[in-house]
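To start, the structure under review is shown below, and the notes come after it.
Not measured: the values here are computed from a predicted model.
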Amino acid sequence: MGSKRKKSDSPDPDEPNRVGSDFPDEVLEQVLGMVKSRKDRSSVSLVCKDWYDAERWSRRQVFIGNCYSASPEIVTRRFRSIRSVTLKGKPRFSDFNLVPPNWGSDVQPWLEVFASEYPLLEELRLKRMTVTDESLEFLAVSFPGFKALSLLSCDGFSTDGLAAIATHCKNLTELDIQENEIDDKSGGWLSCFPETFTSLEILNFASLNSDVNFDALEKLVRRCKSFKVLKVNKNVTLEQLQRLLTHAPQLLELGTGSFLQELTTCQNSQLERAFSSCNNLHTLSGLWEATALYLPALYPACTNLTFLNLSYSALQSWELAKLLAHCPRLRRLWVLDTVEDKGLEAVGSNCPLIEELRVFPSDPYGDDIIHGVTESGFVAVSYGCRRLRYVLYFCRQMTNAAVATVVKNCPDFTHFRLCIMNPGQPDHITNEPMDEGFGAVVKTCTKLQRLAVSGLLTDRTFEYIGEYAKNLERLSVAFAGKSDWGMQCVLNGCPKLKKLEIRDCPFGNAALLSGFEKYESMRSLWMSACNVTMNACRLLASEMPRLNVEVMKDDGNDDDQADKVYVYRSVAGSRRDAPPFVLTF
């Protein structure tokens, strides 16, 4: 494979048919090499044929948001010099077990094409893909200069695959394993890094459960002098953590292990000194089973923190308040709802720079509303954190007035995801639908790009969204709406909509078929447990041949009912690996 563009190259069928440019090829490629934004590069490629060619030859990174929206052959034919690939597979609702096992998204066909067309591949970032141990070994031996692997919410592999990566990837700088369905056999894979291996900068195995070969881990951290990110699992003790920090005080991001152990006075002092040496730390996570006894050891390292992830720490409000008093620069905070409203009041009092807040449920399936967060905590945060741009808020009660107050105080939201966990829950004071609260969101937050709605909602909410949410790109809806009109308002009124996710709503055939003008400009549509029929899916597919329309059938359901519908645009046609329970049109 050459690295220079040849005038005799066969034209790409998707290239623009426009006049050329007077700029020399070398100048164009140099300039385009400095354009990093995917959207900007895509826009550049549409200017004229010469710019299209220069962009395709100078691009080093490619992002594929749906592994079935294109084929590996199409990607490699267009982009000839790729070094980094980001590839996403299953729909997001697979995170909620709504996508059946063995649905697809196998990475192996992509790797086989990349091995022949991108031998210089250095980075691979996969999300919701199926990755086997055989695929990981193939990856490890096929790309001699491979440097970075990120697996997020993937399935199909075990720690044997990680051992293959550790054994064969001599230049590895990043191994990031997050929230995967992995056969966690043992922590022995850490011992597979060669004794001469020194290049690792990022290591994250926080989501693994097996015991750690700590001797191998400590030697690895000691050898690799450029470590920036280290996130260990909950089986690493505080005493072991102290030893790791002694070897790597230069860390920028740290994920700790468990805090559930007893330390002697001497050990506690050593832990404090280790954290005191971490002057560059800006991200802290882990903190499994953290208790007030040892949290003070963290305080010296909190001064420069910008991101604190406490989503594995069931802290009480007073524990959180004490910790936040030492975090004056915090911009991102993730917590469990065990902090309650008092804890969120502490957020508002101590963290004026916060831009992102996520509050997760400690017991998502419990019925106890005595504990947790309410509208009171949400409002308290909004008064103290006027820079909020992103919120994910799980609660069991909310009011329209509270939502209106929050967006009035924080009008620059780009992501607003409010999850009232009891389906169909109204305003708990007025007993009215939550229409006016979400209406206030879309009217006030003109920069809004992502919205998740919940609670008791009528079509009025969706009328508001269609009328005011002109920059909205992603919308998630569950247990809401009254008729097809609601979905029609969204499809007809949101010009920038890219992803629409709907579950357990009354929307039916008329709603689905109202999107003829919209779907080709969107990335995907998901509808499950709605009122859509197989005939409507067939009609959509016949009228829109560039769309892939897939139906996942549940056992025992009406043959004419489309249980789960997944619609996405594709330049590769219908996929060839659909299992029997996936019907493609």
Does a side-chain heavy-atom distance below 4.5 Å link [X] with [Y]?
| X | Y | result |
| --- | --- | --- |
| Asn204 | Gln178 | yes |
| Phe227 | His247 | no |
| Arg329 | Asn304 | yes |
| Leu353 | Arg387 | yes |
| Phe146 | Glu122 | no |
| Val232 | Val212 | no |
| Tyr390 | Leu357 | no |
| Cys224 | Phe193 | no |

Atom pair [atom1]/[atom2] of [X] and [Y] - distance to nearest 0.5 Å:
| X | Y | atom1 | atom2 | result |
| --- | --- | --- | --- | --- |
| Ser277 | Leu251 | OG | CG | 11.5 Å |
| Leu295 | Leu287 | CG | CG | 7.0 Å |
| Glu174 | Lys228 | CD | NZ | 10.0 Å |
| Leu162 | Leu151 | CG | CG | 7.5 Å |
| Gln316 | Leu336 | CD | CG | 10.5 Å |
| Tyr294 | Leu238 | OH | CG | 7.5 Å |

Take atom [atom1] in [X]; do more than 12 heavy atoms of anything else shown fall under 6.0 Å from it?
| X | atom1 | result |
| --- | --- | --- |
| Lys342 | NZ | no |
| Lys499 | NZ | yes |
| Asp95 | CG | yes |
| Phe63 | CZ | yes |

Charged N to carboxylate O below 4.0 Å: is that the case for [X] and [Y]?
| X | Y | result |
| --- | --- | --- |
| Glu123 | Arg125 | yes |
| Arg332 | Glu355 | no |
| Arg223 | Glu195 | yes |

Between [Y] and [X], is there a side-chain donor-acceptor contact under 3.5 Å, judged purely by atom types and distance?
| X | Y | result |
| --- | --- | --- |
| Ser153 | Glu179 | no |
| Ser285 | Asn309 | no |
| Gln449 | Thr414 | no |
| Glu137 | His168 | no |
| Asn471 | Glu473 | no |
| Asn209 | Asp184 | no |
| Lys90 | Ser105 | yes |

Run the side chain to side chain donor-acceptor pair (under 3.5 Å) test on Ser362 and Asp337 for me, step by step, so that the C-alpha distance in whole Å, both residues' side-chain angles and the decisive distance to 0.1 Å come before the verdict.
CA-CA 6 Å; Ser362 56; Asp337 61 6; 2.9 Å; yes

Tell me if a side-chain donor or acceptor on [X] pairs with a main-chain N or O of [Y] at a distance below 3.5 Å.
| X | Y | answer |
| --- | --- | --- |
| Asn233 | Ser210 | yes |
| Ser313 | Leu315 | no |
| Ser258 | Asn235 | no |
| Ser199 | Leu172 | yes |
| Tyr118 | Ser81 | no |
| Asp155 | Arg128 | no |
| Asp176 | Ser150 | no |
| Ser94 | Asn97 | no |

Give the intermediate values and the outcome of side chain to side chain donor-acceptor pair (under 3.5 Å) for residues Asn409 and Ser382.
CA-CA 6 Å; Asn409 291 336; Ser382 74; 3.0 Å; yes

Please lay out, stage by stage, how Glu356 and Arg358 fare under the test salt bridge (Lys or Arg N to Asp or Glu O under 4.0 Å).
CA-CA 7 Å; Glu356 176 184 326; Arg358 303 193 189 199; 2.8 Å; yes

If you look only at pairs with a residue in residues 106-115, which of them pass as a side chain to side chain donor-acceptor pair (under 3.5 Å), with sequence neighbours excluded?
Gln108-Glu112, Gln108-Ser135

Quick one: ring-ring contact (aromatic ring centres under 6.0 Å, His included) partners of Trp288, sequence neighbours excluded?
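Partners of Trp288 under the ring-ring contact (aromatic ring centres under 6.0 Å, His included) test: Tyr312.
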
Please report the C-alpha distance between Ser476 and Glu501 in whole Å, then the side-chain angles of each, then the deciding distance to 0.1 Å, and finally whether the side chain to side chain donor-acceptor pair (under 3.5 Å) criterion is met.
CA-CA 5 Å; Ser476 300; Glu501 303 166 328; 2.6 Å; yes

Could you tell me how the ring of Trp189 sits relative to the ring of Phe205: parallel (under 30°), tilted (30 to 60°) or perpendicular (over 60°)?
perpendicular

Students often mix this up, so state it plainly: with edges at 30° and 60°, are the rings of Phe413 and Phe416 parallel, tilted or perpendicular?
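Perpendicular.
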
Grab the two heavy atoms, one from Met434 and one from Gln425, that are nearest each other, plus how far apart they are.
CG-O, 4.0 Å

For a quick test of reading the model, state the closest non-hydrogen atom pair linking Leu175 to Leu200 and the distance between them.
N-CD1, 4.3 Å

Run Thr246 and Gln242 through side chain to side chain donor-acceptor pair (under 3.5 Å) and show every step you take.
CA-CA 6 Å; Thr246 301; Gln242 177 265 319; 3.2 Å; yes

